[in-house]
Amino acid sequence: MDEITRARRLTWKVLISNFVVMWLLIAMATAIMFVEGRFQWWRAVPALIAAICFTWYCSRILNEILDHRRYPTRQVVVAAVLALVTAVLGGADPFGWGFVLMCWLGVATLEIPRRRSWSMAAGAWAAGVALGGLALATGTPIMGMDLPVGVGLAFYTLTYGIWCAIVPPSNRVWVWIWSLAVQAHEGREAHTRLALAEERLRFARDLHDLVGHQLSAIAVKTELAVRLSDVDTGAAKAEMAEVNALTRKALKELRQAVRGYRELDLAAELNSVKGVLEAAGVRCELRIPYGELPDEVAPAFAYAVREAVTNVLKHSTATFCDITIRFTPQEAELSVRNDGVARRQAADLGSGLTGMGERMAAVGGKVSAHPTEDGEFLLKAVVSIPIGG
């Protein structure tokens, strides 16, 4: 489960907990009425149906707000009607059926301006107090207690006031946190896309630098050969022979670039991948030796670094990447450690690791890549020194 899914599930649980409390209060209020002999089937059954429909509608509203960032006005209005029907039929007790009004308020005030949310809170408070006054006028007790009308009205006023002051802000804070998580996730994806785009542009520049000169020379010499063909056949043939040699050289270097065998500069590659990672929001630490690596090892490590960082960008949600190079007279070692590749994603790195292993094998080295016990992912390349001929 990724971080954004975990954040959504946590937000959903917090918001839905209001409805769990609502049903517990409804069950408690129904039990009290049943024990006291005040239970009326003709009111309880329609109230129960309305409460079930209300809960279903509110779950749809939450899905619209969390998943689609839309405020479903029509569904909010329908939920308000169902909440009023439930409170009228079941009773306006804020610790019983009346709590359905607060559940509606907690959902209806999400993703709307603050001033409008306070207006809706005032409306829900007024509706709760009015229904409470109606219940007192008809002699309905509060939580099984027969209170004077003035005390009962004060109870409704104070309790609904506290609910209306607490429920909307608390729910809005959780949705705000969820929105921040979504924005951070989208921003991270945008950074990653930009970093990958920069890497593609860099490869395009490298490819241009690699074959651009030969292609330009081929064009010039071909044009010269055409001009010489009528006046100096021997010179034209010589120019075409050079064109043929340049073409073969360009084709060879192009194949090497595509297959990943063109030699890279390790220092330049390390600086490049550090910039790409930091552009994607990944903290990068480089630990490199002071001395120069052997000429055969440095290009192989440069390819391994590029492939490893590409995997970090494509297959992970890493927050840091640690690149360490060390070497002794006996061996050179490259390790790339990050905290973003899950165990189930490691299998998806197969083709890249296969190519890397082939490159390392060409210089007598080997590659290993696996999740570590502390939840990180470690890629390690080791080459024995001196390299056999």
Would you name the heavy atoms of [X] and [Y] that are closest together and state the gap between them?
X    : Y    : result
I26  : A51  : CD1-CB, 4.4 Å
V100 : A83  : CG1-O, 3.5 Å
W104 : A124 : CZ3-CB, 4.5 Å
G91  : R43  : N-NH2, 4.4 Å
A79  : C58  : CB-SG, 4.3 Å
C103 : N18  : SG-O, 3.4 Å

What is the distance from atom [atom1] of [X] to atom [atom2] of [Y], rounded to the nearest 0.5 Å?
X    : Y    : atom1 : atom2 : value
L110 : R172 : CG    : CZ    : 7.5 Å
E64  : Y71  : CD    : OH    : 12.5 Å
W12  : R8   : CH2   : CZ    : 6.0 Å
M240 : T233 : CE    : OG1   : 13.0 Å
L101 : Y160 : CG    : OH    : 5.0 Å
I61  : L15  : CD1   : CG    : 12.0 Å

Can you get from [X] to [Y] by hopping between Ile, Leu, Val, Met, Phe, Trp and Tyr side chains that sit under 4.5 Å apart?
X    : Y    : value
V21  : L10  : no
W118 : V76  : no
L134 : L89  : no
F54  : F95  : yes
V363 : V382 : no

- Task: Test V336 against C321 for side-chain contact (heavy atoms from CB on, under 4.5 Å), laying out the working first.
- Result: CA-CA 7 Å; V336 181; C321 182; 3.7 Å; yes
- Sidechain N-carboxylate O distance under 4.0 Å for E239, K237: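 Salt bridge absent between E239 and K237.
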- Item | E223 and R227 ion-paired at < 4.0 Å |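 A salt bridge links E223 with R227.
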Solution key, residues 173-182 side-chain donor-acceptor pairs under 3.5 Å, sequence neighbours excluded:
{"from": "W178", "atom 1": "NE1", "to": "L66", "atom 2": "O", "distance (Å)": "3.3"}
{"from": "S179", "atom 1": "OG", "to": "R69", "atom 2": "NH2", "distance (Å)": "2.5"}
{"from": "S179", "atom 1": "OG", "to": "V175", "atom 2": "O", "distance (Å)": "3.0"}

- Message: Do T157 and W125 pair up side chain to side chain, a donor and an acceptor below 3.5 Å, judged on atom types alone?
- Response: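 T157 vs W125: no donor-acceptor pair found between side chains.
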Answer whether the closest heavy-atom distance between the side chains of [X] and [Y] falls below 4.5 Å.
X    : Y    : result
P46  : V85  : no
I16  : L62  : yes
C284 : F320 : no
K380 : E333 : yes
M120 : I112 : yes
M22  : T55  : yes

Take a 6.0 Å sphere around [atom1] of [X] and say whether it holds more than 12 heavy atoms from other residues, nucleotides or ligands.
X    : atom1 : result
F34  : CZ    : no
K274 : NZ    : yes
F19  : CZ    : yes

Without swapping roles, check the side chain of [X] against the backbone of [Y] for a donor-acceptor pair under 3.5 Å.
X    : Y    : answer
D339 : E376 : no
D93  : G98  : no
S170 : V167 : yes

- So T372 and F377, side-chain contact (heavy atoms from CB on, under 4.5 Å) or not? Walk me through it. CA-CA 6 Å; T372 62; F377 190 85; over 6 Å; no
- Verdict with reasoning, I325 to L270, per side-chain contact (heavy atoms from CB on, under 4.5 Å): CA-CA 11 Å; I325 297 176; L270 289 171; 4.1 Å; yes
- Item | Residue of the set L379, I288, L334 for which side chain to side chain contact (heavy atoms under 4.5 Å, CB included) holds with I323 |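 Only one option passes, and that is L334.
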- Return the set of residues passing side-chain hydrogen bond (donor to acceptor under 3.5 Å, both in side chains) with W56 (not counting sequence neighbours), or none when no residue passes.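 Partners of W56 under the side-chain hydrogen bond (donor to acceptor under 3.5 Å, both in side chains) test: none.
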- Task: Determine, stepwise, if the pair V383 / F301 fulfils side-chain contact (heavy atoms from CB on, under 4.5 Å).
- Result: CA-CA 9 Å; V383 178; F301 275 10; 3.9 Å; yes
